[in-house]
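Heads up, the thing below is written out as structure tokens.
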Amino acid sequence: MGVSQGQETGYVQEDNRTMKGTIREIITKALDGAIAGGALKTRKPVILERPKREEFGDFSTNLAMLLAPEEGRSPRDIASILVEGIAASPVVARCEVAGPGFINIFLKRSYWYSILAEILRKGEGYGDLDTGGGEKIQVEFVSANPTGPLHIGHGRGAAVGDACANVLKAAGFDVTREYYINDVGRQMETLGRSLFLRYQELLGMPVEFPDDYYRGEYMKEIARDFLTKYGTRYRDARPGEPGDDSLPVFIEFAKDSIMSGIKKDLADFGVGFDVWYSEKDLFDKGLVEETLKELEGRNVLYEKDGALWFRTTDYGDDKDRVLVKADGSTTYFASDTAYHREKLKRGFKRIVDVWGADHHGYQPRMKALFKALGEDEERLKIIFIQLVSLSRGGVPLKMSTRAGEFITLREVMEEVGKDACRFFFLMRRPDAHLDFDLELAKKQAPENPVYYVQYCHARIMSIMEFARERGVDVPDVVGPDTLKELSRLDQKEEVAIIKHLAGFEEVIEKSAVEMEPHRVTFYLQELAGLFHPYYNRNRVVTDDPGLTTARLLLCRAVATVVAKGLGLLGVSAPKKM
RNA sequence: GCGCCUGUAGCUCAGUGGACAGAGCAUCGGCCUCCGGAGCCGAGUGUCGGAGGUUCGAAUCCUCUCAGGCGCACCA
């Protein structure tokens with residue numbers, strides 16, 4: 001029923017299919033036809049690409065070259081057979097054989113207008129795909145230990161994890177965002193003791209901090225809160241010592257306080273989680289023990305030197321790993337084993353972990369776990385986040401690349417703003433080092449890509465406001481009466497913008513499949529890079545009603561896609577700046 | 001020593017089998033009686049770290065090699 005089935009093309013763009021899929025189908029049908037007619041006999045999947053050079057068409061396929069070896073004839077011969085079938089499609093303007101045997105396809109302009117109409121009809125829903133088919137997928141990210149505030153590295157992980165989750169959701173997956181809290185073990189005891197010492201310090205008692213204690217300023221604040229709540233009640237406590245049960249009090253207080261800070265940081269950063277999963281719960285529910293039993297039943301455990309080992313080397317790891325130490329306590333890996341087994345039991349078909357790159361040594365043992373449990377290791381995807389190097393006006397901050405370890409997410413967020421912060425984190429591939437220049441991120445100037453993209457949206461909103469003030473009707477969708485006006489968008493720049501808009505779905509699909517949200521960031525910069533020059537050379541609101549309508553529709557589509565794309569990144573699309 | 005990641009224009013980086021390798025910034029020179037100048041126009045730049053190999057075709061795949069980062073716990 002969409003306006004896209006306008007008589008001009010006789011073409012119906014079906015929902016739930018990307019344009020690329022549509023073109024691929026045209027080629028497949030041409031191949032089927034050739035086979036049915038006896039001209040060809042080999043069937044192969046169609047690989048489509050968008051050529052960089054426009055003289056090579058809107059789409060191009062190497063199908064003929066792939067078929068050549070088995071067909072026993074030249075790629076160009078095969079291509080010329082296929083070209084006939086492809087050219088017969090009502091959306092194809094022309095189709096030709098080029099170079100060694102490429103088939104270059106040029107689509108009719110009317111087809112592009114129908115795509116534009118389709119984009120407008122879908123509105124904010126444009127970009128939503130069903131690639132994932134509703135499959136349950138879990139993205140676990142940040143999962144910072146509750147021993148201190150989030151630093152800049154966690155921020156990058158948060159931005160990437162959240163954007164991945166957004167993109168996966170758009171691509172049709174059933175996404176659960178999860179944060180794993182390491183709230184058990186020795187580090188928690190250290191945290192509790194650290195609080196106790198700060199508490200005693202506030203009470204004027206002489207204290208000495210061991211090197212491995214948490215000594216940040218934030219601990220002093222927590223100690224003040226503790227003092228407010230408990231007064232001098234624990235003044236002479238001996239946490240952790242026999243006969244004294246105060247340690248859990250300190251631990252709980254510190255942990256809760258830090259976690260609420262982390263939650264606030266994340267909320268202000270625009271990141272929300274569906275599940276906060278506690279490591280302690282794994283133990284309380286007996287899941288760690290249950291997992292050990294299962295592994296034992298699978299004959300992958302053994303005892304040595306008083307410890308219980310997991311023979312991960314049978315599944316590709318460098319060395320076997322300890323699950324239960326000689327002193328009877330379990331390792332972090334034991335918890336993680338139980339946790340990931342639980343993820344599988346909870347029905348997630350695919351599991352995504354976002355880790356700091358310094359944890360890459362853990363990948364083989366986690367993969368080993370999946371294999372030992374008889375699961376396809378491909379169900380686990382680990383995204384590694386490389387370090388962030390902070391600089392200010394080109395000057396590196398602190399002395400090492402580890403500056404990011406000491407600067408909190410909140411500090412950066414407050415200095416440069418949430419939008420710039422998130423956008424910058426998503427300008428690079430996750431596994432590439434990131435140079436984050438605070439001055440640049442703050443700068444409200446053209447060299448700052450965040451504003452360049454946001455400005456595109458604000459500018460269009462402003463144009464529409466201008467039109468309304470002039471009494472011009474600003475349409476959101478193409479109606480039967482306005483469809484014909486789209487042909488007024490006949491400039492090269494206008495068609496180029498429509499073509500770029502049409503590629504949005506492919507970008508989302510690729511971002512989701514590869515879990516590389518930075519592709520969206522690049523896409524948006526390109527889109528803004530097409531729109532601004534166009535705007536500068538052409539007036540949208542003119543005395544010509546038909547032309548004005550057509551251009552307003554084009555603007556609407558650009559604004560919608562920019563807003564949608566920024567939304568996926570967790571960046572706002574302002575109406576005014 | 002072993003493993004993982006990275007090496008592409010002056011800088012920061014896209015680009016993972018296609019046709020003469022792209023963008024932003026920086027540099028230089030232009031554009032405001034005009035819907036937002038946070039914008040636009042024009043100009044130059046490459047041994048894709050190196051060497052072999054696979055392929056009709058390689059920045060992309062394989063092998064070796066050089067450089068940088070990170071990891072190699074009965075820590076979390």
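None of the values given here were measured: they were computed from a predicted structure. By convention in this document, chain letters (A, B, ...) are assigned in the order of the sequence lines, proteins followed by strands, and residues within each chain are numbered from 1.
Regarding L530(A), its CG atom lies at a distance of 14 Å from the C1' atom of C40(B), rounded to whole Å. In this structure, the CD atom of E49(A) is 15 Å from the P atom of A21(B), given to the nearest Å. The interatomic distance linking Q454(A) (CD) with G37(B) (C1') rounds to 18 Å, in whole Å. Rounding to whole angstrom units, CZ of residue F423(A) and P of C25(B) are separated by 13 Å. In this entry the distance linking CH2 of W309(A) with P of A73(B) reads 10 Å, nearest Å. Going from atom CZ of F56(A) over to atom P of A19(B) covers 8 Å, rounded to whole Å. Rounded to whole angstrom, the span from the CD atom of E96(A) across to the P atom of A19(B) amounts to 17 Å. Y332(A) has its OH atom 15 Å from the C1' atom of G71(B), to the nearest Å.
When each of A98(A) and N182(A) is assigned the nucleotide of RNA chain B bearing its nearest heavy atom, the one mapping closer to the 5' terminus is A98(A). Each of P430(A) and K304(A) was matched to the nucleotide of RNA chain B holding its nearest heavy atom; the match closer to the 5' end belongs to P430(A).
Proximity note for A307(A) (side chain, C-beta onward) versus C74(B), G15(B), G18(B): the nearest is C74(B). Nearest to the side chain of H532(A), among C40(B), A19(B), C72(B), sits C40(B). Minimum atom distance to the side chain of T331(A) is reached by C74(B), of the listed G39(B), A19(B), C74(B).
To the nearest whole angstrom, the two C1' atoms, one in A58(B) and one in G15(B), are 13 Å apart. Here the separation of U16(B) from C11(B), taken at their C1' atoms, is 24 Å to the nearest Å. Between G46(B) and A9(B), the two P atoms lie 11 Å apart (nearest whole Å). Spacing of C1' atoms, G49(B) relative to G68(B), comes out at 11 Å, to the nearest Å. For the C1' atom pair drawn from C34(B) and C48(B), the interatomic distance equals 44 Å after rounding to whole Å. On the C1' atoms, A67(B) is 15 Å away from U8(B), given to the nearest whole Å. Between G42(B) and A51(B), the two P atoms lie 36 Å apart (nearest whole Å). If you take atom P in G29(B) and the same atom in G71(B), they sit 47 Å apart, rounded to whole Å.
C13(B) and G22(B) make up a base pair, with Watson-Crick or G-U wobble contacts both under 3.5 Å. Applying the Watson-Crick and G-U wobble criteria (two distances, each under 3.5 Å), U63(B) pairs with A51(B). In this structure, C2(B) and G71(B) make a Watson-Crick or G-U wobble pair, each of the two defining distances being under 3.5 angstrom. In this structure, G44(B) forms no base pair with any nucleotide, since neither Watson-Crick nor G-U wobble geometry is met with both distances under 3.5 Å. Remark: G39(B) base-pairs with C31(B). Criterion, Watson-Crick or G-U wobble with two distances under 3.5 Å. If you check A58(B) for Watson-Crick or wobble pairing at under 3.5 angstrom, you find it has no partner at all.
Every residue two or more places apart in sequence or in another chain that forms a ring pair (Phe, Tyr, Trp, His ring centres under 6.0 Å) with H500(A) is listed here: Y523(A). In this view, Y339(A) and Y180(A), Y277(A) satisfy the ring pair (Phe, Tyr, Trp, His ring centres under 6.0 Å) rule, not counting sequence neighbours. Residues passing the side-chain contact (heavy atoms from CB on, under 4.5 Å) test with F56(A), sequence neighbours excluded: P51(A), R53(A), N104(A). Judged as a ring pair (Phe, Tyr, Trp, His ring centres under 6.0 Å), and not counting sequence neighbours, Y535(A) has no contacts. Listed by chain and residue number, R311(A), D320(A) satisfy the side-chain contact (heavy atoms from CB on, under 4.5 Å) test with T313(A) (two or more places apart in sequence, or in another chain). With sequence neighbours excluded, no residue forms a salt bridge (Lys or Arg N to Asp or Glu O under 4.0 Å) with E296(A). Under the rule for a salt bridge (Lys or Arg N to Asp or Glu O under 4.0 Å), the partners of R341(A) that lie at least two apart in sequence or sit in another chain are E290(A), E294(A). Partners of K304(A) according to the side-chain contact (heavy atoms from CB on, under 4.5 Å) rule, which considers only residues two or more places apart in sequence or in another chain, are Y302(A), W309(A).
Electrostatic pairing of E465(A) and K576(A) does not count as a salt bridge here, judged by no charged N lying under 4.0 Å from a carboxylate O. Electrostatic pairing of E140(A) and K343(A) counts as a salt bridge here, judged by a charged N lying under 4.0 Å from a carboxylate O.
Applying the salt bridge (Lys or Arg N to Asp or Glu O under 4.0 Å) definition to pairs two or more places apart or across chains, those involving residues 57-70 of chain A are K44(A)-E70(A), D58(A)-K499(A).
Note on H518(A): a side-chain N or O is less than 4.0 Å away from OP1 or OP2 of G15(B). Contact between the side-chain N/O atoms of K52(A) and the OP1/OP2 oxygens of A19(B) is found at a separation under 4.0 Å.
In this structure a side-chain-to-backbone donor-acceptor pair under 3.5 Å is missing from Q363(A) to H360(A).
By the 30° and 60° cut-offs, the orientation of the rings of F250(A) relative to F196(A) is perpendicular.
Across all non-hydrogen atoms, the minimal contact from E514(A) to K381(A) is O-NZ, 4.3 Å.
A heavy atom closer than 4.0 Å to some atom of RNA chain B occurs in S60(A), N62(A), M65(A), these being the qualifying members of residues 57-70 of chain A.
Regarding the sugar-base torsion, C34(B) falls in the anti class, its angle being beyond 90° of 0.
In this structure, D327(A) reaches neither bases nor backbone, as no heavy-atom distance under 4.0 Å exists between it and the strands shown. Within 4.0 Å of E55(A), counting heavy atoms only, lies at least one base atom of the nucleic acid. Across all strands shown, N104(A) has heavy atoms under 4.0 Å from base atoms, whether or not it also approaches the sugar-phosphate. Counting non-hydrogen atoms under 4.0 angstrom, R519(A) reaches the backbone sugars and phosphates but no base.
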What string of B, S and - do you get for nucleotides 4-13 of chain B 5' to 3' if you count protein non-hydrogen atoms under 4.0 Å? BSS-----SS
Would you tabulate the pairs of protein nitrogen or oxygen atoms and nucleotide nitrogen or oxygen atoms of nucleotides 34-36 of chain B closer than 3.5 angstrom?
{"unit_1": "C34(B)", "atom_1": "O2'", "unit_2": "R539(A)", "atom_2": "NH1", "d": "2.3"}
{"unit_1": "C35(B)", "atom_1": "O4'", "unit_2": "R539(A)", "atom_2": "NH2", "d": "3.3"}
{"unit_1": "C35(B)", "atom_1": "O2", "unit_2": "V541(A)", "atom_2": "N", "d": "3.1"}
{"unit_1": "C35(B)", "atom_1": "N3", "unit_2": "V540(A)", "atom_2": "N", "d": "2.7"}
{"unit_1": "C35(B)", "atom_1": "N4", "unit_2": "Y535(A)", "atom_2": "O", "d": "3.1"}
{"unit_1": "C35(B)", "atom_1": "N4", "unit_2": "N538(A)", "atom_2": "O", "d": "2.3"}
{"unit_1": "G36(B)", "atom_1": "OP1", "unit_2": "S462(A)", "atom_2": "OG", "d": "2.6"}
{"unit_1": "G36(B)", "atom_1": "OP2", "unit_2": "S462(A)", "atom_2": "OG", "d": "3.4"}
{"unit_1": "G36(B)", "atom_1": "O2'", "unit_2": "Y455(A)", "atom_2": "OH", "d": "2.1"}
{"unit_1": "G36(B)", "atom_1": "O2'", "unit_2": "R459(A)", "atom_2": "NE", "d": "3.2"}
{"unit_1": "G36(B)", "atom_1": "O2'", "unit_2": "R459(A)", "atom_2": "NH2", "d": "3.3"}
{"unit_1": "G36(B)", "atom_1": "N7", "unit_2": "S462(A)", "atom_2": "OG", "d": "3.0"}
{"unit_1": "G36(B)", "atom_1": "O6", "unit_2": "M577(A)", "atom_2": "N", "d": "3.3"}

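Taking the centre of each ring, F436(A) and F425(A) come in below the 6.0 Å mark.
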